[in-house]
Number of protein chains: 4
Amino acid sequence: MAGLTTEQRVRRAAIKLFAAKGFHGTGIRDLAQAAGLSSASLYHYMGTKEELLAELMRESLDRLLTTATTAVSGVDSPVERLGRLVVLHVLTHAAQPNETRVVDHEVRALSASARREVVRLRDDYERLWADAIADGIRAGEFTSPEPSLARLALLEMCNGVARWYSPRGPLGLDELATNYAQMAMRLVGGPEQALPSFEYCRDLVSKTWNRRR
Amino acid sequence: MAGLTTEQRVRRAAIKLFAAKGFHGTGIRDLAQAAGLSSASLYHYMGTKEELLAELMRESLDRLLTTATTAVSGVDSPVERLGRLVVLHVLTHAAQPNETRVVDHEVRALSASARREVVRLRDDYERLWADAIADGIRAGEFTSPEPSLARLALLEMCNGVARWYSPRGPLGLDELATNYAQMAMRLVGGPEQALPSFEYCRDLVSKTWNRRR
Amino acid sequence: MAGLTTEQRVRRAAIKLFAAKGFHGTGIRDLAQAAGLSSASLYHYMGTKEELLAELMRESLDRLLTTATTAVSGVDSPVERLGRLVVLHVLTHAAQPNETRVVDHEVRALSASARREVVRLRDDYERLWADAIADGIRAGEFTSPEPSLARLALLEMCNGVARWYSPRGPLGLDELATNYAQMAMRLVGGPEQALPSFEYCRDLVSKTWNRRR
Amino acid sequence: MAGLTTEQRVRRAAIKLFAAKGFHGTGIRDLAQAAGLSSASLYHYMGTKEELLAELMRESLDRLLTTATTAVSGVDSPVERLGRLVVLHVLTHAAQPNETRVVDHEVRALSASARREVVRLRDDYERLWADAIADGIRAGEFTSPEPSLARLALLEMCNGVARWYSPRGPLGLDELATNYAQMAMRLVGGPEQALPSFEYCRDLVSKTWNRRR
DNA sequence: CATGAATGAGCGTTCATTCAT
DNA sequence: TATGAATGAACGCTCATTCAT
């Protein structure tokens with residue numbers, strides 16, 4: 001925990017606890033204890049508990065969206081674009097499972113207005129996937145009878161990684177990502193040997209998440 | 001709500017609310033109101049809130065496991081088995097999204113002992129998938145470099161259905177299930193034209209879920 | 001429990017539980033279970049919980065007062081009267097410890113009006129002791145500088161029996177009663193060899209408590 | 001109430017209410033009101049209601065045991081020892097009737113483990129009495145056919161003081177204590193003119209109870 | 001910055017009691 | 001007689017939040 005500001009410690013504690021026990025299952029006192037503060041002091045570093053959640057979610061989605069936009073912009077090949085999206089998504093979910101779980105599970109805990117923002121970010125992100133799939137079909141590289149279904153299936157299957165992947169397990173990040181990219185390509189009927197550069201994606205993810213808020 | 005016993009009304013209310021707001025986000029008074037009772041009366045029909053959750057989860061998983069076991073037992077072809085599992089899973093998640101969401105999201109809210117039971121049921125269920133995939137690979141019908149990854153990817157992708165499918169949307173249950181079966185076959189490199197009987201699976205699911213507890 | 005009416009079972013259960021856990025520590029459901037009834041059925045045999053307590057206390061005190069009045073009326077000797085009071089009191093407290101404990105501990109749980117009745121009965125009972133002591137002093141058989149103090153000391157010391165006496169312990173009822181009578185005589189400076197008839201008192205107590213309500 | 005910390009106010013309120021209405025008859029809201037706090041604030045100054053009770057009882061018994069041990073240690077004469085024990089006990093029960101009533105009445109409300117501690121303290125205390133009586137008999141100064149009975153009778157008779165003594169009544173503490181010492185001596189057949197120093201005992205009690213926790 | 005103190009509101013649960021059957 | 005069903009009120013306790021210091 002050395003080198004972290006108190007605010008960062010609060011946010012880390014929140015992410016960890018919200019991921020592990022849920023937003024409603026995490027008390028303000030749990031948070032305070034995990035951050036090494038009194039519960040009163042917590043309020044120097046956050047608004048309400050719900051505002052903290054909203055911030056964390058917006059930030060996580062922001063990073064994901066930014067990274068993905070960077071990765072696919074200017075890339076013509078839909079195959080390459082979809083491949084990059086899958087690998088980025090999987091790497092992010094494997095490397096930041098707590099952030100990811102919070103984003104995926106706690107939308108319902110947000111107030112209406114915060115939820116709207118988050119949903120909009122999520123929609124923007126999913127559009128990148130939808131576009132890659134649609135372009136791939138148009139270009140004759142993918143064959144999906146129901147492109148929306150494919151998108152949803154792909155996203156859910158990749159989200160799942162956050163729920164079970166462990167760096168102490170048998171699979172390295174590269175194998176994990178490559179396998180998922182292959183499964184994704186198969187799922188949309190694309191060329192499965194055409195996989196994106198793992199190193200490129202890994203560096204992109206790492207750059208995004210090491211950048212301090 | 002006609003024709004339901006009070007206990008059933010309580011359980012339905014619990015499933016709906018736990019699915020919508022989470023276990024910790026649902027108060028006993030919410031539950032009572034949704035069931036049309038006072039909060040004191042609730043306790044004629046349940047033990048503690050947590051015991052109610054545990055019962056609901058066990059029952060849902062029990063049904064899923066029973067249905068799936070029925071569907072695959074005695075079937076030799078791994079392709080047919082996996083196909084049926086996918087269709088059953090998708091139909092169940094589309095038709096009973098609340099039960100399913102609770103099962104998938106609220107394991108962490110269970111006490112240690114209840115969690116053990118639920119995890120065991122889930123493990124039994126996943127074994128059916130693992131066996132079908134492993135047998136398919138052995139028989140040369142599937143080609144998956146990492147069978148466990150394939151199983152996890154398939155399950156997560158099918159779970160997702162409960163989060164977004166709406167019977168009022170453009171897709172019917174048959175299209176939904178058939179598409180998922182096709183995507184699943186592609187994902188494991190199997191023969192995608194060999195799809196299981198939708199009617200058979202639909203009847204099985206319907207029989208399981210119409211049976212009153 | 002054979003041969004008891006349901007009402008008697010209820011009263012016995014109440015006495016036992018009120019003695020063991022206190023009036024406020026005993027729930028209506030405890031009572032029902034101990035009496036072998038549903039809590040609703042209980043109300044066929046009692047008024048409110050508090051009325052039940054009041055009845056039990058009045059009845060116990062009534063018996064004690066009646067027995068004691070019988071034992072001392074027409075007896076001239078204050079020594080004999082005080083001796084009988086001590087033996088009766090001790091025997092009652094040893095044989096009916098639950099009734100006694102309730103009477104001694106739960107006055108505060110009564111409503112004002114019920115408390116008044118109970119206190120009046122108690123006062124009548126204590127008057128018998130006060131008279132015996134005063135007469136003994138007047139007759140030169142007792143020497144107590146503060147007769148009220150002696151009365152209170154005697155009563156409390158005898159009440160204590162209900163808190164610890166066990167028929168399975170080393171002391172029989174006769175030794176117990178005789179010893180207490182001796183200690184009492186000493187305490188008021190009376191002739192300690194002049195002890196009342198144990199058999200007479202035992203029979204009186206036994207007659208009083210075997211009489212069904 | 002001036003000069004008291006909030007914690008002390010809470011404890012005083014608890015002692016007063018537990019004594020007056022019993023542990024189970026006292027609600028957390030009663031406690032809060034008597035202490036001048038909200039029921040939530042109460043929990044800054046105590047653990048659970050039951051832990052508060054246990055603390056209060058342990059502390060009261062601790063003081064009693066300490067005072068009594070001080071008073072009798074190094075004293076050879078059993079007559080003097082028993083006399084001091086009686087006077088200390090009576091003074092304590094007259095001066096701190098609430099503490100005393102709680103200790104004497106609410107043992108049953110304790111959890112098993114707290115009860116064990118309290119009973120052990122009580123046993124240690126009663127041993128001082130048992131030793132004084134046994135030594136007195138051995139020395140030929142007391143004549144008690146059943147020493148245990150004498151001990152129990154003495155203790156109960158002295159406990160009673162807390163139930164009725166009022167400083168606004170006709171008796172001063174000195175008369176009260178002296179009379180009880182005399183009655184006690186008579187009860188065990190000891191020399192009743194040999195009474196312990198009232199002033200010594202009064203100062204000891206007062207020192208013990210004025211010491212702030 | 002940091003926190004002890006404080007609280008209104010609410011938590012899950014149990015209370016004593018009633019009543020239709 | 002007997003009870004399942006029902007409930008308003010209260011239980012002991014924790015919640016997220018504020019604020020004076």
Side-chain angles (χ1 to χ4, degrees), chain A residues 5-7 10 23-32 35-53 109, chain B residues 5-7 9-10 23-33 35-53 109, chain C residues 5-7 10 23-32 35-53 109, chain D residues 5-7 9-10 23-33 35-53 109:
Chain A
T5 68
T6 306
E7 187 176 2
V10 169
F23 177 74
H24 288 304
T26 302
I28 220 77
R29 284 158 186 79
D30 300 326
L31 230 54
L37 274 82
S38 73
S39 62
S41 299
L42 221 48
Y43 285 86
H44 284 283
Y45 302 99
M46 48 175 264
T48 65
K49 194 179 114 175
E50 202 247 317
E51 285 164 7
L52 174 59
L53 173 65
Chain B
T5 67
T6 307
E7 187 177 2
R9 284 210 326 274
V10 169
F23 176 75
H24 289 304
T26 302
I28 223 74
R29 285 159 184 83
D30 299 328
L31 228 53
Q33 189 173 30
L37 289 162
S38 74
S39 63
S41 299
L42 222 47
Y43 285 86
H44 281 285
Y45 302 98
M46 49 175 263
T48 64
K49 194 180 106 167
E50 204 248 314
E51 285 165 6
L52 174 59
L53 173 65
Chain C
T5 67
T6 306
E7 187 175 3
V10 169
F23 177 74
H24 289 304
T26 302
I28 218 76
R29 283 158 186 78
D30 299 327
L31 231 52
L37 274 80
S38 73
S39 61
S41 300
L42 221 49
Y43 285 87
H44 283 283
Y45 302 98
M46 48 175 263
T48 66
K49 193 178 116 175
E50 203 247 314
E51 285 164 6
L52 174 59
L53 173 65
Chain D
T5 67
T6 306
E7 188 177 1
R9 284 212 323 276
V10 169
F23 177 75
H24 289 304
T26 302
I28 223 74
R29 285 157 184 85
D30 299 329
L31 227 54
Q33 187 173 31
L37 288 162
S38 72
S39 63
S41 299
L42 221 48
Y43 286 87
H44 281 284
Y45 302 98
M46 47 175 266
T48 64
K49 192 179 107 167
E50 203 248 316
E51 285 165 5
L52 175 59
L53 173 64

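Once rounded to the nearest 0.5 Å, the distance linking CZ of Arg29(A) with OG of Ser39(A) reads 5.5 Å. Taking OG1 of Thr48(D) as the reference point, atom CG of Leu42(D) lies at 11.0 Å (rounded to 0.5 Å). Annotation: the span from Leu52(D) atom CG to Tyr43(D) atom OH amounts to 9.5 Å, rounded to 0.5 Å.
At the heavy-atom level, Leu37(B) lies under 4.0 Å from the strands shown only through sugar-phosphate atoms.
Heavy atoms of other residues, nucleotides or ligands lying less than 6.0 angstrom from CD of Glu50(B) number more than 12.
Rounding to whole angstrom units, CD of residue Gln33(B) and P of dG12(E) are separated by 14 Å. Atom CD in Glu7(C) sits roughly 12 Å away from atom P in dA2(F) (whole-Å rounding). Remark: C1' of dG12(F) and CG of Leu52(D) are 13 Å apart, rounded to the nearest angstrom. One atom, CD of Glu51(D), and another, P of dC13(F), lie 8 Å apart when rounded to the nearest Å. Rounded to a whole Å, the CG atom of Asp30(A) is 12 Å from the P atom of dT14(F).
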Query raised in the report: Which parts of nucleotides 16-21 of chain E does protein reach within less than 4.0 Å, heavy atoms only, written one letter per nucleotide 5' to 3' as B for base, S for sugar-phosphate only and - for none?
Result: BBBB--
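No side-chain heavy atom of Val10(D) sits under 4.5 Å from any side-chain heavy atom of Glu7(D). No side-chain heavy atom of His24(A) sits less than 4.5 Å from a side-chain heavy atom of Phe23(B).
Of all nucleotides present, only dA16(E) satisfies the Watson-Crick or G-U wobble test against dT7(F), with each distance under 3.5 Å. Look at dT21(E): its Watson-Crick or wobble partner, with both distances under 3.5 angstrom, is dA2(F).
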